[in-house]
2 protein chains.
Amino acid sequence: MNAKSDRIPADERRVQILDAAVEVFGRYGYAAATTDRVAKGAGISQPYVVRMFGTKEQLFIETLGHTLARLLRTFRAALAEADAEGLSAEARLGAAYLELVGDRGVLLTLLHGFMMGADPAIGPVARGGFFEVYRMLRQEAGFTPEQARSFLAEGMLINTLIGLDVRPTDDLATAELLACTFGDDVPESFERSIA
Amino acid sequence: MNAKSDRIPADERRVQILDAAVEVFGRYGYAAATTDRVAKGAGISQPYVVRMFGTKEQLFIETLGHTLARLLRTFRAALAEADAEGLSAEARLGAAYLELVGDRGVLLTLLHGFMMGADPAIGPVARGGFFEVYRMLRQEAGFTPEQARSFLAEGMLINTLIGLDVRPTDDLATAELLACTFGDDVPESFERSIA
DNA sequence: GTCTATACAATGATAGAC
DNA sequence: GTCTATCATTGTATAGAC
């Protein structure tokens, strides 16, 4: 809080901004996210955010890259993890994914990237990250094409269910689909119903 | 083109606007879509769009409802269709879906709805439509919960591949995943590569 | 490395006429 | 049912100092 000591290295600040951006994109969605809210989140001024990232879209693109990198790291960590509980690689990866996208910021960042693939600036980053995951599944996790495709499809359904903000108690169909997707233990992401 | 004859009934105009909105949301994404572009698309003035729909978000919500209704109709038509070629209900529904979301406007409208489920105004419409599809699969198409879940998961993966604007020629991983997902005939949505 | 002040553009939205 | 004119707001982005 003291005057001059708030100066911190650019790279550190950059990460703070990216983290704040993930939060803001998740809370308001890309459209309603503003560089100002991101700045507030990072505890700095709005012009400084612009200074570092240029434009809102550029900020998003770097946020997406940041998030995709995090996803890859998470997957690799889950793979490396000794399967103490005798879980398959598939199960460990699934659990890791679920926990990551339980953060709505991470989820919306990924989803916005995935759907804006036609944007000349966003597309390459989004596709690059997505297929890097695919390659990882094939080469590092040892999945067959079939397994990889199925794993991704399940992931995309989970994305949708979280994105939709589905509640287990909504109705019979909802309960059935959630049960069928997650079995007994529905993730905590679906629990809160504070509205 | 003549002066006064351009007055048409409100409901008709409304549909024209909604159709234009689908196109605009698909072309620019929700964030960059403007009521003005929609107005241009419908051949009317921007204030008239606002007059009819109130706000951009409200326009989106009605566009989403419109699109979900169209999706349901398309599915029901595919079910009713005599399976002349001996295709399963699953195959017919899949083909119908693929054709529909080949229209990027339809795809982005649905996806934006699905990921903004936490929005108090969008959420109910998005969830309502999604689970109406689920119920349709279970009750009208006769799918088991397992089949329905799997069908939806495949659909969500397809959404992602189209959203990402994936091209078959991008690289080996891409080609493999597309082949694994679509078999021999990859939809035309993936063909164009004009950039 | 970071801020204040501010310019500027865009766009959503209103008022009121025809 | 539809337009023209116009306003108000917001939010990105710049300039320049510290």
Side-chain angles (χ1 to χ4, degrees), chain A residues 1-64 108 112 116 119 121-122, chain B residues 1-64 109 112 116 119 121-122:
Chain A
M1 293 297 187
N2 35 356
K4 296 232 158 156
S5 64
D6 285 346
R7 297 175 117 266
I8 70 178
D11 1 357
E12 238 174 275
R13 193 59 97 180
R14 172 168 280 264
V15 175
Q16 292 180 340
I17 296 175
L18 289 173
D19 287 341
V22 171
E23 214 267 312
V24 170
F25 285 131
R27 191 181 203 78
Y28 304 94
Y30 179 83
T34 67
T35 53
D36 190 60
R37 286 201 240 261
V38 173
K40 292 275 190 0
I44 58 175
S45 71
Q46 179 267 332
Y48 191 30
V49 172
V50 174
R51 160 86 90 185
M52 281 200 125
F53 293 91
T55 67
K56 175 180 161 179
E57 187 179 49
Q58 194 52 42
L59 169 62
F60 171 74
I61 291 169
E62 302 212 28
T63 304
L64 178 61
L108 287 211
H112 189 254
M116 293 302 284
D119 180 292
I122 299 177
Chain B
M1 293 295 187
N2 35 356
K4 297 229 156 156
S5 65
D6 285 346
R7 296 173 118 265
I8 72 177
D11 1 356
E12 239 173 273
R13 192 59 98 180
R14 172 169 280 264
V15 174
Q16 292 181 342
I17 296 175
L18 289 172
D19 287 341
V22 171
E23 215 267 310
V24 170
F25 285 132
R27 191 181 202 78
Y28 304 94
Y30 179 82
T34 67
T35 53
D36 190 58
R37 286 201 241 261
V38 172
K40 292 275 192 351
I44 57 175
S45 70
Q46 179 267 333
Y48 192 30
V49 172
V50 173
R51 160 88 90 182
M52 279 201 126
F53 293 92
T55 67
K56 175 179 163 179
E57 188 181 47
Q58 194 52 42
L59 170 62
F60 170 74
I61 291 169
E62 301 212 27
T63 304
L64 177 61
T109 298
H112 189 254
M116 293 302 283
D119 181 292
I122 298 177

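Chain A is the first sequence line, chain B the second, and so forth, proteins listed ahead of strands; every chain is numbered from 1.
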**Prompt:** Do the ring centers of B:F25 and B:H112 come within less than 6.0 Å of each other?
**Reply:** no
**Message:** Side chains of B:Y30 and B:E57, heavy atoms from C-beta outward: is any pair under 4.5 Å?
**Reply:** yes
**Asked** Between the main-chain N or O of A:A31 and the side-chain N or O of A:K56, is there a donor-acceptor pair closer than 3.5 Å?
**Response** yes
**Request:** Could you identify which residues of residues 30-48 of chain A place a heavy atom less than 4.0 Å from some atom of DNA chain C, listed by residue number, or say none?
**Result:** A:I44, A:S45, A:P47, A:Y48
**Asked** Of B:D11 and A:T55, whose closest DNA chain D nucleotide lies nearer the 5' terminus?
**Response** B:D11
**Prompt:** So B:V49 and B:I44, side-chain contact (heavy atoms from CB on, under 4.5 Å) or not? Walk me through it.
**Reply:** CA-CA 8 Å; B:V49 172; B:I44 57 175; 3.9 Å; yes
**Item:** Atom pair distance, as rounded to whole Å: CD in A:Q58 and P in D:dT12
**Value:** 15 Å
**Message:** What's the closest nucleotide to the side chain of A:I8 if the choices are D:dT14, C:dT2, C:dA13?
**Reply:** C:dT2
**Between C1' of C:dG1 and CE of A:M52, the distance in whole Å** = 8 Å
**Message:** Can you say whether a donor on the side chain of B:R51 sits under 3.5 Å from an acceptor on the base of D:dT2, or the other way round?
**Reply:** yes
**Request:** Send over the distance from B:E57 CD to C:dA13 C1', rounded to a whole Å.
**Result:** 15 Å
**Rounded distance [0.5 Å steps], CG in B:D11 versus CD in B:Q16** = 11.0 Å
**Asked** A:K56 has an atom NZ; how far is it from atom P of D:dT10, in whole Å?
**Response** 15 Å
**Asked** Does CZ belonging to A:R27 count more than 12 external heavy atoms closer than 6.0 Å?
**Response** no
